[in-house]
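What you see is a predicted model, and the numbers here were worked out from it, not measured in a lab.
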Amino acid sequence: MALGINITVTRSGDLAMFPRTADRLRKPRKFLAAVGVQLMSSAVRRLPGVLSTSDDAVRTGRLAASLRVNASGGGSANTIFRLTDRSVTVGSNLPYAAQVHYGGTIYPNQADALAIPLVPQLKRQDISPSQHPEKERIFFRRHEGGKPNVFGLLFLAPKSKRGKPRLLYALAYLVQQRARPFLYADDNDKRTIAEEIFPKFLAP
């Protein structure tokens, strides 16, 4: 699932009295590229406020990287920046980009439940219980109450009798996410486009 925003330039009216302006508007590709970079830069700046919970912190790095572009629109493998003579489409093709932006419900794909990492290292490296290097020591405890849809917890058994189990994962049938929009044109973007980018594009 990809998340993108499309900007299209159309011309109307007779610009014969302004030949230079008319010539520039016939080839708005440079203007569109600058608009795309502006929107992507604003999205990157919004992410720290949008992804403020511990559950989402691990995602911030990849999502932000997919939205960072240079002046010509170049980015990472997950970047959407499609530029034509009349339009620009920007965004991210990361699977969870649209989920974060629009919100929704996450269900297990192949397993019976979602294993939500509760340890920062497991989050950063995206390690599932079956991939854990000490998976033979992981055990299950049923959980009641607390967060909705969480029915169990996975712990790492201690190596000695004096040690304590370490909580690794929460198990849930589904996870509901609220919408956290980050890719859009706000008033500041519109002002920058109208007062800076467009005049610069028309300038000699």
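Note that CZ of R29 and OG of S87 are 9.0 Å apart. Values are rounded to the nearest 0.5 Å. One distance of note links CG of L63 with CG of L94; it measures 6.0 Å at 0.5 Å rounding. Distance check, rounded to the nearest 0.5 Å: CD of E136 to CG of L156 gives 8.5 Å. One distance of note links CG of D186 with CZ of R45; it measures 8.5 Å at 0.5 Å rounding. Interatomic distance, CD1 of I193 versus NZ of K200, reported as 14.0 Å (0.5 Å rounding). Separation of atoms CZ (R86) and NZ (K27) is listed at 11.0 Å; rounding is to 0.5 Å.
With hydrogens and angles disregarded, no donor-acceptor distance shorter than 3.5 Å links the side chain of R180 to the backbone of L51. The closest donor-acceptor contact from the side chain of R137 to the backbone of A157 lies under 3.5 Å. A donor-acceptor contact shorter than 3.5 Å is absent between the side chain of S42 and the backbone of L39. A donor-acceptor contact shorter than 3.5 Å is absent between the side chain of T79 and the backbone of L67.
Of all non-hydrogen atoms in L167 and L154, the two that sit nearest each other are CD1-O, 3.7 Å. For the pair L183 and V90, the tightest heavy-atom approach, listed with the atom from each and the gap, is CD2-O, 3.7 Å. The two atoms that bring S76 and S66 nearest to each other are OG-CA, 3.5 Å, heavy atoms only. Of all the heavy atoms in H101 and A179, the pair that sits closest is O-CB, 3.7 Å. Looking at every heavy atom in both residues, P108 comes nearest to A111 through CB-O, 3.2 Å. Taking all atoms of both residues into account, the shortest heavy-atom contact from F81 to G36 is CE1-C, 3.7 Å.
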Candidate pair L202 and F31, rule side-chain contact (heavy atoms from CB on, under 4.5 Å), full reasoning: CA-CA 9 Å; L202 293 180; F31 168 69; over 6 Å; no

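Annotation for N70: atom CG counts as buried by contact number, over 12 foreign heavy atoms lying within 6.0 Å. For CZ of R166, the number of neighbouring non-hydrogen atoms (other residues, nucleotides, ligands) closer than 6.0 Å is 12 at most. Around the CD atom of E144, the shell of radius 6.0 Å holds no more than 12 heavy atoms that belong to other residues, nucleotides or ligands.
If you chain together hydrophobic residues whose side chains sit under 4.5 Å apart, I106 and I116 fall into the same group. When hydrophobic clusters are built by joining Ile, Leu, Val, Met, Phe, Trp and Tyr residues whose side-chain heavy atoms come closer than 4.5 Å, directly or via intermediates, M40 is grouped together with V50. Both I127 and F140 belong to a common hydrophobic cluster when Ile, Leu, Val, Met, Phe, Trp and Tyr are linked at side-chain heavy-atom distances under 4.5 angstrom. Under a hydrophobic clustering in which Ile, Leu, Val, Met, Phe, Trp and Tyr are joined whenever their side-chain heavy atoms come within less than 4.5 Å, directly or via other members, Y107 and V175 fall into different clusters. Cluster membership check: L171 shares its hydrophobic cluster with L122, using side-chain heavy-atom separations under 4.5 Å among Ile, Leu, Val, Met, Phe, Trp and Tyr.
Considering T192, V37, D189, L32 in turn, T192 is the only one that fulfils the side-chain contact (heavy atoms from CB on, under 4.5 Å) rule with I197.
In this structure the side chain of I80 reaches within 4.5 angstrom of the side chain of T89, judged on heavy atoms. Put simply, the side chain of P129 does not reach to within 4.5 Å of the side chain of L168, judged on heavy atoms.
Note on ring orientation: taking the six-membered ring where Trp is involved, the planes of Y169 and H132 are perpendicular (angle over 60°, cut-offs 30° and 60°). Between Y173 and F151, the ring-plane angle classifies as parallel under the 30° and 60° cut-offs.
Annotation: cation-pi geometry satisfied between R46 and Y184 (NZ/CZ under 6.0 angstrom from ring centroid, within 45° of ring axis).
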